[in-house]
Amino acid sequence: MKLRTQVLLLQSAVVAVALGIGFTVFATTTEDRVTDEHGQRALAIARSVSADPAVRDEVARYSAADDGVVSPDNPELASGAVQQAAEAVRAATGALFVVVTDDQGLRLAHPDPEQLGRRVSTDPTEALAGREVVTSESGTLGDSVRAKVPVTDPASGRVVGEVSVGIATDRVRAELRSDLADAALIALAALGCGAAGSLLLANRWKRLTLGLEPEQLTELVREQEVVLHGISDGVVGTDARGIVTVVNAEARRLLDLDDGIGRNVDTLGITPRLFDVLRAADGTPVAATTGDRVVVAVSRRVVRDGRDLGTVMSVRDRTDIETLTRELDAVKAMSTALRAQRHEFANRLHLLDGLLRQGHAEQALEYIEQILGSGPLGEQLEGIDAITDPYLHAFLVAKAAHAREQGVTLVLGENTWVHATVRAPVDVTTVLGNLLDNAIEAARTSGRTPAEVEVELMEDGADLHVSVADTGDGVDPELPDVFVEGATTRNDPTVPGGRGMGLALARRIARLHGGDVVLADRGGQRTPENPTGGAVFLATLPGMLDERDTGWAERI
């Protein structure tokens, strides 16, 4: 049996039992109430008859008369004032009987004239003793609720008789049945309302549980725990109101979150870029940074049976992939530089071969001396000998080759001097590489000539200072903050997660080491302070150099 059916039956049974108990109590109390009401009515009628002066005088007269006056043979009883008054009251009130007796219990008034002068069938002792009585008894006219009231002598106040008024029990029962019928209808209506409420509750339960039974819900919870905490992606889920319902262990690790369940997503503590992804819920992968990690987040809205269940955002760690990608880019750039050098060496050897075959030994010797004076590395990037760290040395040579392929010249600033070893080469080349890539792209697309990028690296104890300037058009005024994740003027759908991550990542890495990356000049025109005319970025990387190591060049 389905749970909603069980709920419906249980609720209906509870309502039915409650109504049954209530109806039983009502029936019992109603019977007592109706009986008491009719008894009080009979008592009021009896009191009014016993207070009638004509009745009191006549009953006192019969009570004072000699024995034998009140007898079935006395014709005066049927036409007497007592009989007439009693019958008039009975007809007016609808009572079953109005009986008047003397102090011996002999009837002076009765609905049946043949019973006049005879002794009453029920005990009149209490009333003749001066006490009013209300009781249910059976007499010559059947079962009734009756009241007995004493009749007193107007002169002496002595009890001279009694008045007994009865209301038929059938009438009491008919009124009771009417009341119970009304109550039964109300109870049935209440039962129907209870059943309807139970049905609505069962339907709401069905909607809340998406039609799943408790066993299925239990199994679903187990599966959710296994899936959510067993996958390598972080998962953050919210309901339709924006309340966090799911945060798995991987999401807490990647996003540096606490549990967060039950809180509004506004207070969860995720970065603004991830918050925008969660709100958009359009299924577009977006790259973002959090702490020292690079992640790709995708958010989608969950709808079932036309009902909005909320939003789920999955977060995948791409830190290692980004690191490998940067290293691979560096290797590709270096291999490009080596290929260019190989072609350059091949061309020079061809020239030497031609000079020697033609017997021009002196010209060949002069050419050799010329190329030994500059060297291939020196020709590729003038002033590179001022940098002795092997990573920076190779990286800048590779970037120079990459820039030449783009039609851009990479120039080392005149104040460049780094004779220490870099402690965190990956972080340094990440910051420097992002700044150089943006500058090369800006110089290439500006159309200005010459297209140049000037980079200056200066050693200050253990700190490394970097300056990158280009001959581009400067930073777009529509980008108020170029360091915000996703800030870019280039939309490239081929890049997973979109562009606009380079500067944000560079600043984040610099700040993790206690430094910073700032935009010193937005550019746009050449000035004495900015002779290149493009954007100028400054990076400070504290503690990145090992002062005890003077570099690889001094050890060879």
Side-chain angles (χ1 to χ4, degrees), residues 292 294 319-342 375-406 408 410-413 415-440 453-468 502-503 505-517 537-556:
D292 58 348
V294 178
T319 305
D320 295 338
I321 297 176
E322 289 292 326
T323 302
L324 293 175
T325 301
R326 293 196 300 268
E327 293 177 354
L328 180 59
D329 289 341
V331 171
K332 286 182 177 180
M334 293 176 68
S335 68
T336 301
L338 291 175
R339 282 198 306 271
Q341 292 176 14
R342 182 178 62 81
L377 295 179
E379 291 179 2
Q380 292 181 38
L381 186 58
E382 184 178 355
I384 191 64
D385 292 338
I387 297 177
T388 59
D389 179 78
Y391 294 100
L392 280 180
H393 194 284
F395 181 77
L396 289 172
V397 169
K399 282 297 180 184
H402 171 69
R404 283 198 301 275
E405 291 180 352
Q406 303 293 322
V408 179
L410 182 63
V411 179
L412 282 178
N415 295 320
T416 296
W417 179 264
V418 179
H419 270 230
T421 300
V422 175
R423 292 178 176 176
V426 174
D427 288 346
V428 171
T429 54
T430 297
V431 174
L432 181 57
N434 280 311
L435 296 179
L436 287 176
D437 288 342
N438 286 343
I440 292 170
V453 172
E454 182 182 82
V455 57
E456 196 167 68
L457 298 93
M458 292 177 289
E459 174 184 340
D460 181 15
D463 301 340
L464 177 63
H465 300 276
V466 178
S467 171
V468 177
L503 291 177
L505 181 60
R507 169 174 275 187
R508 186 177 292 273
I509 292 176
R511 288 182 173 180
L512 286 175
H513 291 283
D516 203 356
V517 176
F537 286 88
L538 300 179
T540 303
L541 301 171
M544 284 294 181
L545 301 179
D546 190 348
E547 300 177 272
R548 297 171 297 174
D549 195 333
T550 58
W552 63 276
E554 297 182 3
R555 294 198 296 267
I556 60 175

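Note: hydrogens, waters and symmetry copies are ignored here, and every other heavy atom, side chains too, is used.
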| query | How long is the span from the CZ atom in Arg423 to the CG atom in Leu464, to the nearest 0.5 Å? | reply | 12.0 Å

| query | Between Ala386 and Thr416, which heavy-atom pair has the shortest distance, and what is it? | reply | CB-O, 3.4 Å

| message | Can you tell me how far apart CG (Leu392) and CG (Leu457) are? Round to the nearest 0.5 Å. | response | 6.0 Å

| said: Tell me the closest heavy-atom pair linking Gly433 and Phe395, and the distance in Å. | reply: CA-CZ, 3.6 Å

| Got a second to check how far Leu505's CG is from Asn434's CG, nearest 0.5 Å? | 6.0 Å

| So, do Val466 and Val431 sit near enough that their side-chain heavy atoms are less than 4.5 Å apart? | no

| task | Report the C-alpha separation of His465 and Leu538 in whole Å, then their side-chain angles, then the decisive distance to 0.1 Å, and conclude whether the side chain to side chain contact (heavy atoms under 4.5 Å, CB included) test is met. | result | CA-CA 7 Å; His465 300 276; Leu538 300 179; over 6 Å; no

| With side chains defined as the heavy atoms from C-beta onward, is the minimum distance between Val408 and His402 less than 4.5 Å? | no

| field | With Leu541, the side-chain contact (heavy atoms from CB on, under 4.5 Å) member among Val428, Asp427, Asp463 | value | Val428

| Would Arg507 and Asp516 count as a side chain to side chain contact (heavy atoms under 4.5 Å, CB included) if you check the C-alpha gap in whole Å, the side-chain angles of each, and the deciding distance to 0.1 Å? | CA-CA 6 Å; Arg507 169 174 275 187; Asp516 203 356; 3.4 Å; yes

| task | Determine the minimum heavy-atom distance between Met544 and Ala424, stating which atoms define it. | result | SD-CB, 3.8 Å

| Quick one: CG on Asn438 to CZ on Phe537, what's the gap to the nearest 0.5 Å? | 6.5 Å

| Val422 vs Asp546, side chain to side chain contact (heavy atoms under 4.5 Å, CB included): CA-CA, chis, key distance, verdict | CA-CA 6 Å; Val422 175; Asp546 190 348; over 6 Å; no

| message | One pair to check against side chain to side chain contact (heavy atoms under 4.5 Å, CB included): Val455 and Leu432. What are the steps and the verdict? | response | CA-CA 9 Å; Val455 57; Leu432 181 57; 3.9 Å; yes

| said: Please give me the minimum heavy-atom distance between Glu456 and Asn415, naming the atom from each residue. | reply: OE2-N, 3.1 Å

| request: For residues Ala403 and Ile440, report the shortest heavy-atom separation together with the two atoms involved. | output: CB-CD1, 3.9 Å

| Taking atom NE2 of His419 and atom CG of Asp389, what is their separation to the nearest 0.5 Å? | 11.0 Å

| field | Nearest atoms (heavy-atom pairs only) where Leu545 meets Ala420 | value | CB-CB, 3.9 Å

